[in-house]
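Okay, so here's the structure we're looking at.
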Amino acid sequence: MPTLSPIELFTPRLKLRWMSERDVDAHYAVFSDPEVARYWSSGPWTSLDQSREHIAATQAAYADGSGMRLGVELIETGELIGNVSLHRFVDTSRRCEMGYALARAHWGGGYVSEALRALLAYGFTTLDLNRIEADIDPRNGASARVLEKLGFQKEGYMPERWIVQGEPADTVYYGLLRRHWNG
């Protein structure tokens with residue numbers, strides 16, 4: 001596992017930072033939206049306790065080096081609008097998985113791509129990763145476009161890999177090698 005220490009990453013419009021208890025309400029607002037949670041196996045959150053537990057798990061992952069979820073904050077307002085993450089590190093192969101979620105009010109503004117560019121740069125340079133992977137529901141066309149725009153290649157398809165809100169859901173695998181990254 002990589003050694004993780006508190007970081008802040010900046011883009012022209014965003015600050016990516018470690019999450020804390022102060023983010024409970026904003027984090028809940030993102031994941032309680034049924035449209036945001038549409039492709040997540042847990043479904044929309046119904047309690048602030050779910051947000052508290054998720055942030056506590058995020059902080060535990062910081063401590064043990066197993067994951068790095070960064071809050072995505074608008075520099076202009078300080079509003080937390082989502083998160084991006086690197087997790088499931090495989091040190092011997094210098095790879096991990098990536099995830100992301102954004103409040104619906106901010107969809108279509110290029111924020112996810114902007115945040116992920118900064119996260120990929122950190123992963124490939126500072127963490128010396130060779131490969132970053134993502135898996136998405138094939139019905140999530142917006143997510144596929146984001147990954148492909150960032151240089152990820154579609155690498156595989158697994159039918160009914162997840163149960164999403166009680167229904168079987170397929171997965172499309174994407175991968176990005178450092179040598180193909182345009183950072």
- Item | Ionic contact status for E155 with R131, cut-off 4.0 Å | yes

- Approximate separation, where rounding is to 0.5 Å, of L150 CG and L116 CG: 5.5 Å

- Can any side-chain N or O of E167 pair as donor or acceptor with the backbone N or O of I163 at less than 3.5 Å? no

- Item | D23/R52 salt bridge by N-O under 4.0 Å criterion | no

- Message: Under a 3.5 Å distance rule, please check whether Y39 uses its side chain to pair with a backbone N or O of P138 as donor and acceptor.
- Response: no

- Item | Side-chain donor/acceptor of Y111 to backbone N/O of L14, under 3.5 Å | no

- Message: Within this structure, what is the OG-CE distance for the pair S85 and M68, rounded to the nearest 0.5 Å?
- Response: 8.5 Å

- Nearest heavy-atom pair of P44 and S32: which atoms, and what distance? CB-O, 3.6 Å

- Does the side chain of N83 pick up a donor-acceptor pair with the side chain of R69 at under 3.5 Å? yes

- Item | Interatomic spacing from CZ in R38 to CG in D33 - rounded to 0.5 Å | 12.0 Å

- Item | ring-ring contact (aromatic ring centres under 6.0 Å, His included) partners of W45, counting only residues at least two apart | H27, F31, H54

- Query: Taking all atoms of both residues into account, what is the closest heavy-atom pair of G65 and F89, and its distance?
  - Reply: O-CD1, 3.7 Å

- Message: Run the side-chain contact (heavy atoms from CB on, under 4.5 Å) test on L176 and L120 for me, step by step, so that the C-alpha distance in whole Å, both residues' side-chain angles and the decisive distance to 0.1 Å come before the verdict.
- Response: CA-CA 9 Å; L176 179 61; L120 290 169; 4.0 Å; yes

- Give the minimum heavy-atom separation between L16 and A118, together with the two atoms involved. CD2-CB, 4.3 Å

- Message: Any side-chain to backbone donor/acceptor pair from S47 onto D49? Under 3.5 Å, distance only.
- Response: yes

- Query: Distance from E35 atom CD to R104 atom CZ, nearest 0.5 Å?
  - Reply: 5.0 Å

- Message: Is the shortest side-chain heavy-atom distance between H106 and L74 below 4.5 Å?
- Response: yes

- Got V72 and V84 here, is their nearest side-chain heavy-atom distance under 4.5 Å? yes

- Do you know which two heavy atoms are closest between G123 and L86, and how far apart they sit? CA-CD1, 4.1 Å

- Please confirm whether the backbone N or O of V24 pairs with a side-chain atom of S51, one donor and one acceptor, at under 3.5 Å? yes

- Item | Linked hydrophobic residues, Y173 as query - side chain contacts closer than 4.5 Å | M158

- Query: Are E114 and R13 close enough, and set up right, to give a salt bridge (Lys or Arg N to Asp or Glu O under 4.0 Å), and what steps lead you there?
  - Reply: CA-CA 8 Å; E114 188 173 326; R13 302 180 297 167; 2.7 Å; yes

- Correct closest heavy-atom pair for V164 and W40 would be CG1-O, 3.4 Å

- Rounded to the nearest 0.5 Å, how far apart are CG of N130 and OG of S93? 9.0 Å

- Message: Quick one about W162 and D170 (side-chain donor to acceptor, distance below 3.5 Å, no hydrogens or angles considered), yes or no?
- Response: no

- Message: Rounded at 0.5 Å granularity, tell me how far CD in Q59 sits from CH2 in W18.
- Response: 9.0 Å

- Query: Any donor and acceptor pair, going by atom type alone, linking the side chain of R94 with main-chain N or O of D128 inside 3.5 Å?
  - Reply: yes

- Can you tell me if Y100 and S143 form a side-chain donor-acceptor pair at under 3.5 Å? yes

- Query: Where is the tightest heavy-atom contact between F152 and M98, given as atom of each residue plus distance?
  - Reply: CZ-CE, 3.5 Å

- Apart from F10 itself, which Ile, Leu, Val, Met, Phe, Trp or Tyr residues share its cluster (side-chain heavy atoms under 4.5 Å, direct or through members)? I75

